[in-house]
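Quick caveat: nothing in here was measured; it's all calculated off a predicted structure.
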Amino acid sequence: MTPEPAAPAVPAVDPVVDLVVIAKEPAPGRVKTRLSSRYTPGEAAGLAEAALRDALAAGTAAPAGRRTLALSGTPGPWLPDGVAVVAQRGGGLDERLAAAFDDAYAGRPLVLIGMDTPQVTPALLAEAGRGLARRDAVLGPASDGGFWLLGLRRPDARLLRGVPMSTPRTGAAQLARLHGAGLAVGLLPELTDVDVPADADAVAELAPATRFAAAVRALRAARAEREGVVSA
């Protein structure tokens with residue numbers, strides 16, 4: 001009797017992948033400017049720092065061989081131990097993403113996230129790593145049409161350069177680029193990027209235990225207190 005082909009092996013432990021976070025220094029006036037309808041530049045920067053801390057905390061808790069921050073700006077006290085820092089390179093976001101993959105690549109599959117999804121968890125990052133054991137790429141779609149995570153087994157700048165960024169079609173365009181290169185792609189759950197105040201409210205409600213949610217609540221309480229003093 002001819003034996004049946006063996007099923008693909010399922011890793012008994014999380015595969016070794018590397019992680020890169022791409023972010024801006026959370027300085028007033030440089031980050032989260034679309035929150036300005038409700039928050040001052042300083043408050044928006046505080047929310048950005050909380051979101052970045054959450055993203056980095058998830059990254060340090062997730063299984064990874066090496067963790068890198070591709071940073072525009074200067075590291076601050078929010079940087080945890082064990083995270084290497086490289087300066088962002090390139091002009092547009094597509095070029096900076098491609099450079100971040102190139103600079104962080106050490107011969108292992110690589111997962112990239114940003115600082116706009118403080119609700120990301122170590123479990124989601126581990127799921128992305130496991131996905132790369134079976135597929136060439138993984139993509140985490142964002143509710144605004146972009147993407148919050150991109151994982152590549154073998155990074156290649158051609159997979160990113162020229163993809164239109166910061167549009168409602170960015171996620172679809174990136175997925176089409178991956179498929180066009182003949183890659184097998186796995187999809188992760190959709191998350192909400194924090195871009196505008198309504199996003200901040202939604203994410204804080206969905207992930208109340210995060211630093212970001214605590215920062216949103218603190219600002220809400222401070223505003224209520226100020227308005228109460230004024231009305232009195």
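- Shown here for Ala61 and Pro122, the closest heavy-atom pair between the two residues is CB-CG, 3.6 Å.
- Proximity of a side-chain donor or acceptor of Glu205 to a complementary backbone N or O of Ala202 within less than 3.5 Å is not detected.
- Rounding to the nearest 0.5 Å places CG of Asp103 at 9.0 Å from OG1 of Thr68.
- Closest approach of Tyr39 and Ala44 over heavy atoms only: CB-N, 4.1 Å.
- Between Met165 and Gln174, the closest side-chain pair of non-hydrogen atoms falls below 4.5 Å.
- Contact annotation: the side chain of Leu124 approaches that of Trp148 to within less than 4.5 Å [non-hydrogen atoms, C-beta and beyond].
- The side chain to side chain contact (heavy atoms under 4.5 Å, CB included) test applied to Leu132 returns Pro109, Val111, Val138, not counting sequence neighbours.
- Considering CG of Leu47 and CG of Leu52, their distance stands at 12.5 Å, rounded to 0.5 Å.
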Candidate pair Arg154 and Asp136, rule salt bridge (charged side-chain N to carboxylate O under 4.0 Å, His left out), full reasoning: CA-CA 7 Å; Arg154 294 177 62 87; Asp136 304 307; over 6 Å; no
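- In this structure Thr60 satisfies the side chain to side chain donor-acceptor pair (under 3.5 Å) test with no other residue, sequence neighbours excluded.
- When side chains are defined from C-beta on, Pro197 counts as touching Ser37, because their heavy atoms get closer than 4.5 Å.
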Could you pull out all donor-acceptor pairs under 3.5 Å where a side-chain atom in residues 212-223 meets a protein atom, sequence neighbours excluded?
from	atom 1	to	atom 2	distance (Å)
Arg217	NH1	Pro208	O	3.0
Arg217	NH2	Pro208	O	3.3
Arg220	NH2	Asp201	OD1	3.4

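- Under the 4.5 Å side-chain criterion, counting only non-hydrogen atoms from C-beta, Phe101 is in contact with Leu150.
- Qualifying side chain to side chain contact (heavy atoms under 4.5 Å, CB included) partners for Ala70, counting only residues two or more places apart in sequence or in other chains: Val20, Ile22, Val86, Gln88, Ala100.
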Side chain to side chain donor-acceptor pair (under 3.5 Å) for Thr170 and Thr167? Distances and angles first, verdict last. CA-CA 5 Å; Thr170 293; Thr167 80; 3.2 Å; yes
Acceptor/donor pairs from residues 183-192 side chains to any protein atom, 3.5 angstrom cut, sequence neighbours excluded:
from	atom 1	to	atom 2	distance (Å)
Thr192	OG1	Ser143	OG	3.3

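- Applying the salt bridge (charged side-chain N to carboxylate O under 4.0 Å, His left out) test to pairs two or more places apart or on separate chains, none has a residue in residues 62-76.
- Looking only at side-chain heavy atoms (C-beta outward), Leu79 and Val85 come within less than 4.5 Å of each other.
- The list of salt bridge (charged side-chain N to carboxylate O under 4.0 Å, His left out) pairs with a residue in residues 159-178, not counting sequence neighbours, is empty.
- At distances below 3.5 Å, at least one donor-acceptor pair connects side-chain atoms of Arg134 with backbone N or O atoms of Arg130.
- Using a 4.5 Å heavy-atom cutoff, the side chains of Pro155 and Tyr105 are in contact.
- Note on residues 107-121: pairs passing side chain to side chain donor-acceptor pair (under 3.5 Å), not counting sequence neighbours, are Asp18-Arg108, Lys32-Asp116.
- Phe147 and Leu93 fall within a single hydrophobic cluster, where Ile, Leu, Val, Met, Phe, Trp and Tyr are joined by side-chain heavy atoms under 4.5 Å apart, directly or via other members.
- To the nearest 0.5 Å, atom CG of residue Leu97 and atom CZ of residue Arg89 are 12.0 Å apart.
- Defined by atom type and a distance below 3.5 Å, a donor-acceptor pair is missing between the side-chain atoms of Ser72 and Arg96.
- Here salt bridge (charged side-chain N to carboxylate O under 4.0 Å, His left out) pairs that include residues 77-88, with residues two or more places apart or in two chains, number zero.
- A search for side chain to side chain donor-acceptor pair (under 3.5 Å) contacts involving Arg153 returns nothing, not counting sequence neighbours.
- Note on Leu139 and Leu112: same hydrophobic cluster, where clusters join Ile, Leu, Val, Met, Phe, Trp and Tyr whose side-chain heavy atoms are under 4.5 Å apart, directly or indirectly.
- No path of Ile, Leu, Val, Met, Phe, Trp and Tyr side chains, each step under 4.5 Å between heavy atoms, connects Val31 with Leu35, placing them in separate hydrophobic clusters.
- With sequence neighbours left out, Leu206 forms a side chain to side chain contact (heavy atoms under 4.5 Å, CB included) with no residue at all.
- Under the 4.5 Å side-chain contact rule for hydrophobic residues, Leu152 and Val163 share a cluster.
- Side-chain atoms of Leu110 and Leu19, non-hydrogen and from C-beta on, never get closer than 4.5 Å to each other.
- The distance from atom CG of Leu125 to atom CG of Leu149, rounded to the nearest 0.5 Å, is 6.5 Å.
- Side-chain contact between Val83 and Val21: absent, with no pair of heavy atoms (C-beta onward) separated by less than 4.5 Å.
- At least one donor-acceptor pair closer than 3.5 Å links the side chain of Asp199 to the backbone N or O of Asp195.
- Judged as a side chain to side chain donor-acceptor pair (under 3.5 Å), and not counting sequence neighbours, Glu25 has no contacts.
- Separation of atoms CG (Leu160) and CG (Asp94) is listed at 7.5 Å; rounding is to 0.5 Å.
- Between the side chain of Asp54 and the main chain of Arg211, a donor-acceptor pair closer than 3.5 Å is present.
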